[in-house]
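Naming: A, B, ... by sequence-line order, numbering from 1 per chain. Because the structure is a prediction, the values reported are computed rather than measured.
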There are 2 protein chains.
Amino acid sequence: MSCHGTIIDQLRAAGVRLTPQRALVLDVVYHTDGHLTADQVYERVHAQSPQVDLSTVYRNLVFLRQQGLIGELRLEGQPVRFEAVRAGREHHHALCTHCGAMLELAQADLSSLQATLLDRYGFHLEPVHLTLSGLCQACAAAA
Amino acid sequence: MSCHGTIIDQLRAAGVRLTPQRALVLDVVYHTDGHLTADQVYERVHAQSPQVDLSTVYRNLVFLRQQGLIGELRLEGQPVRFEAVRAGREHHHALCTHCGAMLELAQADLSSLQATLLDRYGFHLEPVHLTLSGLCQACAAAA
DNA sequence: CTCCCAGTTGCAAATCTTCGCATCTGCATA
DNA sequence: TATGCAGATGCGAAGATTTGCAACTGGGAG
Ligand SMILES: [Mn+2]
Ligand SMILES: [Mn+2]
Ligand SMILES: [Zn+2]
Ligand SMILES: [Zn+2]
């Protein structure tokens, strides 16, 4: 069912209980490239295992996010979306408020901010999935 | 009713229609120091003007946020909160995931990030109200 | 292998937020 | 001051997300 042995071992090692529902949610998110809404995750989970409840999907999405295994994306005027946080492919998003273009930012793009916060406040910024907004290059040029 | 002449003039100049409901929502948010939920804003609006609907409050909170006049705060496990964006007192929030302490960040704390994004992607970061998470100095030291 | 229980689930209901639509109104214009 | 209409409102309903609770179960201890 799942081909995420490494992650599953990681969870087990963390003393996390691995239910079939949880494994399925993980599996669905990790088998998609895009950004899925909770409902889309539910649909796919449901296709495999019709008795699983939508609330269980929500609970596991929250859980997996807290574990740092999935990231969430909040875009203006649409439901929250989720995506896999793949080792080495972590990224954040920068959304153009003018044309809607979405740019992927590398974890490294935040390092200056990270340094600033550590320096000024002793605050250790967590590498959580961020969504920033602003103007993309094209739209800024046009304005 | 309202003592925010400057802001109201600003809105009028932007060709925005100023209804009594909108002015009230603006007034309520600007007369509070803390972070109010939509429901708390509604309660206070309702005390002044009982016929105003909750959906109107929501619509105006969204509207005023889009105008950059109020900021929103999304904290884990609680409804969205709103606060006034006062000229010269703009700030962001850094939340400690361990003890819940909330730190205020100055707009200037983001300037290194702003510079990085502009430099690397030509992306113009908007000074939107951000909430970052991580570990505060005390909790980081304890860990 | 069996027992046990903290953590998880399904379900129903609550809470939070958005939307459709008929009606209303701020305010620009004449 | 009267008129017109784009945009705003109230209300009901829908959509999105969270929660309470009794029953169930993964996986460690014996
Ligand atoms: Mn992404
Ligand atoms: Mn604040
Ligand atoms: Zn753009
Ligand atoms: Zn702390």
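In terms of position on DNA chain D, the residue among B:Thr56 and B:Gly77 whose nearest nucleotide sits closer to the 5' end is B:Thr56. In terms of position on DNA chain C, the residue among B:Ala38 and A:Asp53 whose nearest nucleotide sits closer to the 5' end is A:Asp53. Between B:Val16 and A:Gln78, the residue whose closest nucleotide on DNA chain D is further toward the 5' end is B:Val16.
For D:dA6, its base sits under 3.5 Å from the side chain of B:Arg17 at one donor and acceptor pair at least.
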Report task. Take A:Arg12 and A:Ile8 through the test side chain to side chain contact (heavy atoms under 4.5 Å, CB included) and record every step on the way to the result. Result -> CA-CA 6 Å; A:Arg12 282 229 173 80; A:Ile8 287 177; 3.6 Å; yes
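Using a 4.0 Å heavy-atom criterion, one finds that B:Asn60 contacts the sugar-phosphate atoms exclusively. A:Arg22 comes within 4.0 angstrom of the backbone, heavy atoms only, and of no base. At the heavy-atom level, A:Thr37 lies nowhere under 4.0 Å from the strands shown. Here B:Leu18 lies in heavy-atom contact (under 4.0 Å) with sugar-phosphate atoms only. Among the heavy atoms of the strands lying under 4.0 Å from A:Arg12 are primed sugar atoms or P, OP1, OP2 only; no base atom is included.
In the 5' to 3' direction, nucleotides of DNA chain C lying under 4.0 Å from heavy atoms of chain B begin and end at C:dC16 to C:dC27.
Using a 4.5 Å cut-off between side-chain heavy atoms of Ile, Leu, Val, Met, Phe, Trp and Tyr, with links allowed through other members, B:Leu125 and A:Leu103 fall into the same hydrophobic cluster. Residues A:Val45 and A:Leu11 share a hydrophobic cluster, clusters being chains of Ile/Leu/Val/Met/Phe/Trp/Tyr side chains in contact below 4.5 Å.
For B:Gln21, counting side-chain heavy atoms from C-beta on, the closest listed nucleotide (D:dT18, D:dC11, D:dT9) is D:dT9.
For B:His129 (side chain) and B:Glu72 (main-chain N/O), a donor-acceptor pair under 3.5 Å exists by modelled atom type.
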